[in-house]
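Proteins get letters first, then strands, A, B, ... in listed order; numbering begins at 1 in each.
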Protein chains: 2
Amino acid sequence: MFPGLITHIKKYVDLSEADVQLLSKQVELLQVKKKEMLLQEGQVCRSQYFVEKGCLRLFYLNHKGVEQTTQFAIENWWLSDYMSYDLQAPAQFSIQAIERSEIVCLDLAAQDSLVRELPQLERYFRLILQRAYAATQVRFRIHYELSKEENYNQFVSSFPGFVQRIPQYMLASYLGLTPEYLSEIRKKHS
Amino acid sequence: MFPGLITHIKKYVDLSEADVQLLSKQVELLQVKKKEMLLQEGQVCRSQYFVEKGCLRLFYLNHKGVEQTTQFAIENWWLSDYMSYDLQAPAQFSIQAIERSEIVCLDLAAQDSLVRELPQLERYFRLILQRAYAATQVRFRIHYELSKEENYNQFVSSFPGFVQRIPQYMLASYLGLTPEYLSEIRKKHS
DNA sequence: CGGTCTCTTGACGGAGTTCAAAGCTAGTGG
DNA sequence: CCACTAGCTTTGAACTCCGTCAAGAGACCG
């Protein structure tokens, strides 16, 4: 059903066959089409999403009405609007599939009973959140340190192949620059 | 010893008197002076730090040799170089007290045995990491959305009184602008 | 009170944005 | 499977926010 998630969990904690059965009852596998929305800004975010296959993005509508992408999630990453998920308050972000994707969906109530049934998952989620948080500390460092041009080059070499999977304007948005300027940078480096 | 931490934990999970005793054996209370360093860039980060009283900052030395502050931590916040802490690899950041502070220090091995003795702390750490991660998602949104000037105004009104506790140049650094430009902005708004 | 760190001021320069318009590409329906 | 169209990407010129540099004024600590 969702081999990626099982393998991922087993990297951090033990999981028996019986545990996998319990897990299967609490999560749902979604087949989503390109551009399909999993969460709309303003709604309450009821789930966390794990990418088995494909790619998601987190974005919001800025003051000019333009979509601003703030995060991508590829295979083996969890994504959610955590503030909305945590507080069950209206979301400040939308979540959308960039490609046709397979997504494991875990909602708040399910996660709650799941971590009670399988206490080692409490540990799993703690550890992956710690990793994710660590990654944002590094991301802030990069943001402060590099110029937009350097940031682009660093991104491209850090995630080879990924650039081909997403439209330029989304990458530009994520890197905090305009499509026009990104185009200029690309011209230089070719 | 550290009433702030106990109260903080009890907001998320139950904690008996006996539990508090166990906890006390695994953590250490540090009295640190203004400008005292808790972690030096390049060293392995062995602990997470909880601010009982005072204020810490996370920073690194940029390519020009200037200190770049990326995070502050005030009362009831945890702070660490999580990448270094997690992997026990050399830190990319330093941690320093901005004021005379009381800091609860929890190191990796202690945290490990602690969460085994008190499984509810596994949950506590998961929840506070989720909150912290949620906060960074919001912080990124602000970073993308606001101009430097707007960002400054937003920060001042979000944390009234805090601005007085730190030197201008640290705030400027955190907001990603120069002390000179911050000075100009402040002139406008007075 | 003296020296060092911090904050302010102003002139100048450049990285990156904005706007407008012309190519290009990919998804859609016939 | 092709043609059409909407949306994406590129180009270039003008502009602006903000950084850099240098110098002076203030503030804090020993």
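Cluster partners of L146(B), by chain and number: M83(A), L87(A), V138(B), I142(B). The rule joins Ile, Leu, Val, Met, Phe, Trp and Tyr whenever side-chain heavy atoms lie under 4.5 Å apart. The hydrophobic cluster analysis finds V44(B) isolated: no Ile, Leu, Val, Met, Phe, Trp or Tyr side chain comes under 4.5 Å of it, directly or through other members.
When the ring-ring contact (aromatic ring centres under 6.0 Å, His included) test is applied to F162(B), the partners found at least two apart in sequence or on another chain are F72(B). In this structure, the ring-ring contact (aromatic ring centres under 6.0 Å, His included) partners of F155(A), at least two apart in sequence or on a different chain, are F159(A), Y174(A). Annotation: ring-ring contact (aromatic ring centres under 6.0 Å, His included) contacts of Y124(B) (sequence neighbours excluded): H8(B), Y12(B).
Residue Y49(A) holds its OH atom at 10.0 Å from OH of Y85(A), rounded to the nearest 0.5 Å. Within the model, atoms CZ of R139(B) and OG1 of T70(B) stand 6.5 Å from one another, a figure rounded to the nearest 0.5 Å.
L177(B) comes within 4.0 angstrom of the backbone, heavy atoms only, and of no base.
DNA chain D lies under 4.0 Å from at least one heavy atom of each of the following residues of residues 140-169 of chain A: P167(A), Q168(A), Y169(A).
In this structure, the CD atom of E184(B) is 10 Å from the C1' atom of dC17(D), given to the nearest Å. Going from atom NZ of K188(A) over to atom P of dT10(D) covers 15 Å, rounded to whole Å. Between the CZ atom of R186(A) and the C1' atom of dT11(D) there is a distance of 14 Å, rounded to whole Å. Between the P atom of dC18(D) and the CG atom of L182(B) lies a distance of 12 Å, rounded to the nearest Å. With rounding to whole Å, L171(A) atom CG is found 14 Å from dC8(D) atom P.
Comment: R123(B) engages D112(A) in a salt bridge, judged by a side-chain N to carboxylate O separation of less than 4.0 angstrom.
With the end axes of the helix from dC1(C)-dG30(D) to dG30(C)-dC1(D) each set by five pairs, the angle from one to the other reads 60° at 10° resolution.
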N/O to N/O distances under 3.5 Å, protein versus nucleotides 20-24 of chain D:
from	atom 1	to	atom 2	distance (Å)
dT20(D)	OP1	K64(B)	NZ	2.4
dC21(D)	N4	E180(B)	OE2	3.3

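Among residue pairs with one or both ends in residues 97-106 of chain A, those qualifying as side chain to side chain donor-acceptor pair (under 3.5 Å) are E99(A)-R165(A); sequence neighbours excluded.
Using a 3.5 Å distance cut-off with no hydrogens or angles, the side chains of Q137(B) and Q71(A) do pair a donor with an acceptor.
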| task | With side-chain hydrogen bond (donor to acceptor under 3.5 Å, both in side chains) as the test, would you mind laying out the steps for Y82(A) and Q48(A) before giving the verdict? | result | CA-CA 8 Å; Y82(A) 281 98; Q48(A) 289 186 65; 3.1 Å; yes

Output a table of donor-acceptor pairs, distance under 3.5 Å, between side-chain atoms of residues 33-40 of chain B and any protein atom two or more places apart or on a different chain; print 'none' if there are none.
from	atom 1	to	atom 2	distance (Å)
E36(B)	OE1	K33(B)	N	2.8

Can you list, pair by pair, the side-chain donor-acceptor contacts under 3.5 Å of residues 21-31 of chain A, counting residues two or more places apart and other chains?
from	atom 1	to	atom 2	distance (Å)
S24(A)	OG	V20(A)	O	2.7
Q26(A)	NE2	S113(A)	OG	3.4

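Close approach of DNA chain C to chain B, defined as any atom under 4.0 Å from a non-hydrogen atom of the protein, starts and stops at dT6(C) to dG10(C).
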